[in-house]
Amino acid sequence: MVPALSFLAKVLAGLITAAGLDQLTKHGYMPQATYIKAALKALEKDDLDEAIRNYKLSVKKWRPSQRSEVTAEIISSAISLRLAKLESRLAELQAILHPPWYSLQYWRNLLPKNRDRLEQLRQEQEGFAEAMRVLQKLQAKLEENDKVPQGN
Amino acid sequence: MRKIAKTTAAGGAGFLAGLLLEKGLESLTGLDFVDGLFAVSGSILAALSVNRDLVEAAARNIEQMFGKDPLEITESEWRQFKETNPKTAEWLEKALKV
């Protein structure tokens with residue numbers, strides 16, 4: 001009661017094809033459009049890491065094309081937009097947390113009833129600063145010089 | 001009649017064993033070889049639809065940049081976008097035949 005030999009051969013062929021394709025995909029040998037599409041899909045899902053990884057794969061074995069360059073610019077622009085939003089929020093928080101001594105806000109901050117709220121804002125500020133550092137790292141990673149393409 | 005029953009039983013057992021083997025291999029290797037076979041045709045389809053994806057991604061960036069639909073941006077906003085994203089703007093102009 002074992003499966004027919006021809007069936008096993010088909011299973012094996014399918015398995016080898018899948019494993020081969022998996023390795024080709026991992027090492028950047030699939031068509032460039034495959035990686036560009038994956039990068040744009042990841043960007044749509046807000047997964048910047050995955051978007052950059054796929055973009056890097058798209059130029060690992062292939063020469064940069066107009067499409068890959070546009071993709072890099074789109075990813076970079078998406079990161080810049082997020083950085084700008086974070087910067088603006090950080091500036092708002094900075095104005096609340098560290099106002100000049102002659103402002104009303106400075107004296108309001110000294111009131112005990114505002115202590116909890118200020119602590120929350122401080123934590124929010126730290127979180128945003130950390131997010132900015134991550135985004136800056138991602139942007140630097142994206143802008144790293146690509147290796148000289150080996151294929152095509 | 002006995003022969004038909006025997007053949008059906010053998011076929012059914014073979015099918016089940018094959019199915020178990022397929023699922024077992026998939027769970028062991030984490031690979032779906034049916035998907036693997038389709039990956040080749042998938043990459044061809046990807047090449048065809050990537051242009052549309054680029055336009056959509058650029059449109060999302062424009063929307064986030066100006067807070068409005070790309071169709072509603074003004075001439076000066078477009079120039080501003082073009083300044084910061086020259087390659088994307090050029091691509092869009094070509095793709096949309098502006």
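Quick note on labels: first sequence line is chain A, next is B, and so on, each numbered from 1.
- With A/V70 as the partner, the side chain to side chain contact (heavy atoms under 4.5 Å, CB included) test is satisfied by one option alone out of B/L54, B/V55, B/L92: B/L54.
- A/L110 and A/W101 end up in the same hydrophobic cluster when Ile, Leu, Val, Met, Phe, Trp and Tyr side chains are linked at under 4.5 Å.
- Interface remark: of the candidates B/E90, B/R60, B/Q64, B/R60 forms the most heavy-atom pairs closer than 4.5 Å to chain A.
- Applying a 4.5 Å heavy-atom cutoff, the residues of residues 80-87 of chain B that approach chain A are B/N85, B/P86, B/K87.
- Of all heavy-atom pairs between B/A57 and A/L40, the closest is CB-CD2, 3.7 Å.
- A single hydrophobic cluster is seen to contain both A/Y106 and A/Y102, as judged by linkage of ILVMFWY side chains at heavy-atom distances under 4.5 Å, directly or through other members.
- With hydrophobic clusters built from ILVMFWY side chains whose heavy atoms lie under 4.5 angstrom apart, A/I96 does not share a cluster with A/W107.
- When the options A/S80, A/S76, A/S77 are evaluated for a side chain to side chain contact (heavy atoms under 4.5 Å, CB included) with B/N61, the one that passes is A/S77.
- Rounding to the nearest 0.5 Å gives a distance of 5.5 Å between CH2 of B/W91 and CZ of A/R67.
- Listed in order of number, the residues of residues 115-123 of chain A that approach chain B to under 4.5 Å between heavy atoms amount to none.
- Interface remark: of the candidates A/I75, A/I36, A/L81, A/L81 forms the most heavy-atom pairs closer than 4.5 Å to chain B.
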